[in-house]
Amino acid sequence: MLPNPPAVSSSAPEAGSCIVCGERSTHVAWSENGYQSRACECGALYVSPRPAAGAIDITRDSHPDSFYALPARTKLRWLARHVGPGRLLEVGAGDGDFLAAARSFGHSTAAIEAHANRAERLRRRLGIEVECASIEESRWVDRSVDVVFHCDLLSHFADPHLALRRMTRLLRPGGCLFFEVGLMAEVAPIWYRVIGEIGLPDHRWFFSERALVRLLADCGLQIEQRVYFSLAPVHVASYVAVHVRDVLRRVRRSSSPDASPATVATPSASTDRWRRVANHLRYGFSGLARWGGPQTALFIARPAAAPSPAINRAVTAVRGN
Ligand SMILES: [Zn+2]
């Protein structure tokens with residue numbers, strides 16, 4: 001990796017307005033932790049007020065390792081249908097579960113990880129090149145990788161335009177961005193009550209697909225492939241589990257005031273078993289996504305001026321199957 005100045009300009013709208021279109025909205029879709037998520041006409045949600053500089057720790061990750069590890073091969077199998085093995089860089093690689101799986105698919109891997117301890121663990125675990133930096137501050141050499149992957153980061157970037165442009169600069173000719181992002185905007189308001197917490201203010205932005213397309217276009221990117229997974233089953237299951245657990249706890253306490261809540265055996269987000277079930281619910285219902293509601297989706301996007309890629313010869317063989 002050669003030193004490379006992170007000189008990418010931002011065209012992000014001013015504070016207090018939508019990150020996608022720059023307009024302001026008075027429509028509050030959800031409130032949490034003293035922040036509002038405002039629904040914009042363009043199909044995006046934006047956090048209001050804009051978190052102050054330093055108010056959000058970008059190295060904090062509320063997801064357990066299993067959130068990345070369990071679906072890694074599912075995502076890589078889908079990627080392999082469209083893009084062959086190459087130099088794959090993950091932004092925000094965490095402890096490297098996705099990259100470990102990516103190597104088994106033939107990719108040469110590297111990482112940018114802002115958390116110093118995780119970056120060091122990554123180097124030790126995988127023996128790969130890791131830059132400890134945010135994507136905005138990264139000095140990774142331009143035009144050096146075939147695939148830039150990131151998961152659940154678009155809602156977190158202080159300036160998604162800047163982050164996307166910086167990632168695009170890292171691509172070799174024919175390279176692509178491969179990413180997962182939740183499509184949580186323009187859903188019926190009841191879904192936010194079912195979900196319960198949407199992670200404000202760490203989740204600064206939420207997107208509908210049309211808002212995402214516009215954001216990408218503003219960064220010179222176009223979507224080439226996509227697949228959707230309905231989040232309705234996992235959120236409904238979590239909602240039911242939490243409420244059943246609360247009812248059982250109340251019943252148990254009323255019948256035996258000294259009983260410990262921990263003895264009530266119901267599904268819990270803290271159990272490995274539940275996490276595996278949740279993973280199946282999250283990625284097992286792509287067909288339901290067409291009925292609406294919250295979704296997560298995988299996208300492959302490329303610079304708009306660069307048509308189809310040559311990075312992958314293996315694709316032809318895979319598509320032929
Ligand atoms: Zn907007």
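One-based numbering, in listed order, for ligands and for the atoms of each. Side-chain atoms are counted along with the backbone in the values below, which use heavy atoms only and exclude waters and symmetry mates.
The side chain to side chain contact (heavy atoms under 4.5 Å, CB included) test with D95 singles out one residue from E113, R121, H115, and that residue is R121. Only one option out of F207, F157, F299 pairs with F179 in a ring pair (Phe, Tyr, Trp, His ring centres under 6.0 Å); it is F299.
No side-chain donor-acceptor contact under 3.5 Å links D97 to the backbone of Y68.
Distances shorter than 2.8 Å separate the Zn ion (ligand 1) from the protein N/O/S atoms C18 SG, C21 SG, C40 SG, C42 SG.
S230 and Q295 are not linked by any side-chain donor-acceptor pair at a separation below 3.5 angstrom, with hydrogens and angles left out of the test.
Counting only heavy atoms from C-beta outward, the side chains of L231 and M184 approach each other to under 4.5 Å.
Summarising the geometry of W30 relative to G196, their closest heavy-atom pair is CZ2-O, 3.1 Å, with the distance given to 0.1 Å.
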